[in-house]
Amino acid sequence: MTTILGLSGSLRKASFNSALLRASLDLAPDGVTVEIGSIADVPLYNADDEARDGLPAAVQILQQQLATADALLLATPEYNNGIPGVFKNALDWMSRGEGGTAFRGKPVAVIGASPGGFGTTLAQAHWLPILRTLGTRPWFGAKLMVSRAGAVIEDGELKDEKIRAQLRDFLAGFAASF
Ligand code: FNR
């Protein structure tokens with residue numbers, strides 16, 4: 001069984017990006033399981049806290065999930081044309097200590113949803129230097145930028161059949177790449 005760790009970069013309950021990620025649970029190809037991790041309990045990175053206490057429990061859990069997963073899927077919101085701070089903060093913590101080596105060589109794909117017309121294009125591009133620095137293997141075989149998210153995601157569920165098909169194809173292509 002192939003496992004993809006999915007992380008959403010939004011903390012809000014009605015998040016479009018978390019809904020998009022949840023849809024991948026049903027749309028992953030046979031033999032592939034998406035396991036959704038949570039960044040909700042990751043504190044703000046502070047090197048003094050790290051030196052004193054080591055890695056927070058929430059970060060250790062994420063590192064373990066990453067280490068055992070075959071690949072990583074990021075569902076990123078876009079804030080001010082870039083990555084939301086909470087999402088970057090979580091990956092910064094995850095990159096620390098021995099567990100941070102789990103990023104190396106890991107296949108990573110990025111998807112995203114926004115209520116506007118550009119579907120997180122700039123946030124997805126913003127991830128690239130970070131994924132390179134972490135030594136990951138970013139997958140560029142397809143793009144999924146969900147614009148006008150309010151029209152395709154209702155009550156926390158991805159309803160739009162066209163986008164569901166795009167996500168299904170995206171996951172199949174990504175899983176076939178590793
Ligand atoms: C936004 N939003 C936004 N959207 C976008 O497409 N480009 C942008 O640059 C921004 N900038 C931005 C800044 C800040 C501080 C906030 C709070 C929001 C809107 C954003 O896409 C919207 O809130 C989404 O709903 C966030 O994703 P989730 O929480 O639905 O997953």
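Counting starts at 1 for both ligands and their atoms, following the listed order. The model shown is predicted, which means the values in this text are computed figures rather than measured ones.
Contacts classified as salt bridge (charged side-chain N to carboxylate O under 4.0 Å, His left out) and involving residues 89-108 (residues at least two apart or in different chains) are given here: Glu50-Arg96, Lys88-Asp92.
Every protein residue with a heavy atom nearer than 4.0 Å to ligand 1 is included here: Ser10, Arg12, Ser15, Phe16, Asn17, Pro77, Glu78, Tyr79, Asn80, Asn81, Ser114, Pro115.
Side chain of Asn89 to backbone of Tyr45: a donor-acceptor contact under 3.5 angstrom is found. Distance alone, capped at 3.5 Å, is enough to place a donor-acceptor pair between the Thr136 side chain and the Leu131 backbone. Here the side chain of Gln124 pairs a donor or acceptor atom with the backbone of Leu144 at under 3.5 angstrom.
Applying the salt bridge (charged side-chain N to carboxylate O under 4.0 Å, His left out) criterion to Asp41, with sequence neighbours excluded, gives no partner residue. Under the ring-ring contact (aromatic ring centres under 6.0 Å, His included) criterion, Phe87 pairs with Trp127, sequence neighbours left out.
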